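Scroll down for the structure; my scribbles are underneath it.
Computed from a predicted model, the values in this text were never measured in an experiment. Below, chains carry the letters A, B, ... as their sequence lines are ordered, and counting in each starts from 1.
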Number of protein chains: 2
Amino acid sequence: MIDFNPMAKIEPSAQMGFSGNRLIRDAEHRDETQLEDALTNKHARYLVFGGNKVILRHSDNGSGSCLRFNRDEMEALDGDVQTAILLGTDESAPVLAVTSPLDLESLKEPLAAYDLRSLLYSGHITDADAGAVAQAGSMLHWHATNQYCGRCGTASMARIGGFRRDCPECGLRIFPRTDPVVIMLPVSGERCVMGRSPHFPAGWYSTLAGFVEPGETMEAAVRREVQEESGIHVGRVRYHASQPWPFPHTLMIGFHCEAVSEKITLDDNELEDCRWFDRDEVSRMLAGDHPDGLACPPLKAISSALIKAWIESG
Amino acid sequence: MIDFNPMAKIEPSAQMGFSGNRLIRDAEHRDETQLEDALTNKHARYLVFGGNKVILRHSDNGSGSCLRFNRDEMEALDGDVQTAILLGTDESAPVLAVTSPLDLESLKEPLAAYDLRSLLYSGHITDADAGAVAQAGSMLHWHATNQYCGRCGTASMARIGGFRRDCPECGLRIFPRTDPVVIMLPVSGERCVMGRSPHFPAGWYSTLAGFVEPGETMEAAVRREVQEESGIHVGRVRYHASQPWPFPHTLMIGFHCEAVSEKITLDDNELEDCRWFDRDEVSRMLAGDHPDGLACPPLKAISSALIKAWIESG
């Protein structure tokens with residue numbers, strides 16, 4: 001078993017939303033046969049996407065909703081598979097992701113279409129399925145945006161069940177993309193710095209974040225992003241946890257870092273507010289009883305996990 | 001100063017090769033004017049690439065070789081700039097990277113062409129220039145392989161000095177790619193596991209490594225890769241350091257991890273040998289006095305840093 005993890009109960013990364021993937025991918029040992037075999041395997045199960053939404057069948061007896069459809073159920077939904085990728089195997093049964101030109105408006109209970117964020121927070125699926133659907137969403141977006149070779153413009157072809165695309169003209173091999181993002185809580189003693197994106201619900205404050213750029217370490221990215229967004233200088237940087245985040249194919253890498261300056265200079269391109277919070281105020285935001293209704297993002301997001309870990313360390 | 005780092009002397013990531021980049025990129029606040037301004041700025045300096053090699057001017061007085069050419073020197077090399085990107089600014093002067101159809105065979109002393117790995121180990125350049133050239137090499141490779149829109153196949157256009165490419169047809173925005181790779185030393189008490197790639201020089205053994213795949217945490221990637229390559233099951237995973245690695249645009253993320261099983265099952269697609277080493281033997285490999293001539297990769301590579309940190313912790 002590849003996903004043998006004796007640390008699952010205590011490792012911070014294993015507590016994050018989308019982190020419970022248990023599929024055996026074996027991407028480095030695939031050839032062109034596994035996808036074909038999977039498509040004719042009667043034990044195969046399908047995650048079915050329409051655009052960036054995935055289809056869930058709500059349970060009618062309370063024992064759990066289901067993301068995994070068998071071949072007949074999948075074909076009954078629409079049947080016109082556009083893209084099929086082999087995510088991996090689960091207890092020897094193949095698990096695939098397919099896109100379909102479904103009319104999402106016409107879906108009837110017990111079927112419903114969810115974007116991946118709503119699905120995560122719905123509580124309807126297992127951690128293992130949340131991990132599988134994150135993998136599926138990331139890979140399908142990558143296929144949709146890599147239909148053509150970036151080097152020569154020729155139509156490229158999916159290979160090894162979707163873990164690679166090859167250009168038949170110039171031979172370029174393209175692998176699924178995963179974008180590292182640093183996300184961090186700057187702290188100084190009993191205070192931390194949080195910011196508010198204009199896209200946030202009213203009252204939310206959260207950690208700062210940004211993409212790692214070519215030619216920098218993760219720690220350099222933490223310092224650069226904190227300084228760009230808040231003007232704060234950062235000293236020590238301590239890794240906490242990572243999280244796959246399928247919007248569209250990001251790896252969130254979470255840190256606590258030491259703020260070594262005080263003055264906040266807001267980057268108003270990125271944030272509509274950024275300020276210091278003391279530990280008591282943040283505790284109330286996490287608990288949902290802040291007097292002014294301020295709050296942090298929901299648990300399962302690494303931002304909240306970073307904030308909660310700081311509160312619990314105090 | 002963005003790159004203010006009071007931890008530079010003790011932070012493990014700051015000790016790695018290619019980690020010393022000090023350019024201010026300010027990529028999120030650029031428009032279409034900065035590159036134009038930089039190309040007419042007489043203080044601008046150019047890193048000049050021919051293919052995947054960069055031009056170095058050896059010092060004739062021992063005071064240091066130079067990667068940075070002014071406009072006249074750059075044009076005297078060949079003058080026919082193919083791609084120009086604005087890496088960032090250094091004390092307010094723009095630093096650019098350009099590709100040129102140089103005939104590398106015709107270069108004469110004091111000029112020489114180096115691939116980036118040889119340049120790093122040559123000792124000819126500063127840590128800051130090693131970081132800048134890593135950024136340049138990664139970005140230029142990304143531009144070369146993203147000339148066309150992956151979604152619709154139309155020729156794409158470099159924007160904001162090369163930190164983005166836009167499709168004029170479908171509007172897709174593509175950002176420079178950075179591929180996260182986990183690299184790790186599995187340890188158990190006084191022993192560790194190292195492997196030998198068939199591409200290594202004779203006698204070399206090193207850490208295991210592999211790309212993070214979509215939909216997994218970094219810790220899950222560590223467990224999957226160690227198990228795929230060596231058959232070893234992994235318990236605890238502890239982050240050590242990261243390193244930009246421009247082959248072609250990778251972010252190496254280094255870990256020590258706890259081996260919780262003993263039997264090695266070699267993946268002979270990836271490795272030609274993999275075995276347990278005890279601490280004394282590894283010490284001699286690092287020191288260069290192993291009786292059978294076994295060795296680890298050179299310092300400045302994160303693999304050696306992980307191995308050395310384990311030895312020094314014992």
What I'd like to find out is whether the side chain of [X] reaches to under 4.5 Å of the side chain of [Y], using heavy atoms alone.
X: B:L208; Y: B:L271; answer: yes
X: A:K300; Y: A:M16; answer: no
X: B:E228; Y: B:R224; answer: yes
X: A:V133; Y: A:L67; answer: yes
X: B:F49; Y: B:T83; answer: no

Between B:Q243 and B:S19: side-chain donor-acceptor atoms closer than 3.5 Å: no
Residues B:D179 and B:H249: side-chain donor-acceptor under 3.5 angstrom: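 Judged by distance alone, the side chains do pair up.
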Identified side chain to side chain donor-acceptor pair (under 3.5 Å) partner of B:D90 from the options B:R68, B:R22, B:R45: B:R68
Option in [options] with maximal non-hydrogen atom pairs under 4.5 Å from chain A:
options: B:P246, B:P214, B:A134, B:G153; answer: B:P214
options: B:A130, B:G20, B:C152; answer: B:C152
options: B:H29, B:R177, B:Q147, B:H143; answer: B:R177
options: B:W245, B:F211, B:F175; answer: B:F175
options: B:S138, B:G131, B:G150, B:G215; answer: B:G150

Contact listing (chain B partner; residues 159-171 of chain A; heavy atom under 4.5 Å):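 So far as heavy atoms go, A:F163 are the residues that approach chain B to under 4.5 Å.
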Name each donor-acceptor pair under 3.5 Å that joins a side chain in residues 251-261 of chain B to protein atoms two or more places apart or in another chain, with its distance.
residue	atom	partner	partner atom	Å
B:H256	NE2	B:L306	O	2.8
B:E258	OE1	B:R236	N	3.0
B:S261	OG	B:H233	N	2.9

Please flag which part of [X] lies under 4.5 Å from any non-hydrogen atom of chain B: side chain, backbone, both or neither.
X: A:E270; value: side chain
X: A:L87; value: neither
X: A:W142; value: side chain
X: A:E216; value: both

Lys NZ or Arg CZ of A:R151 over B:Y148 ring: under 6.0 Å, within 45°: no
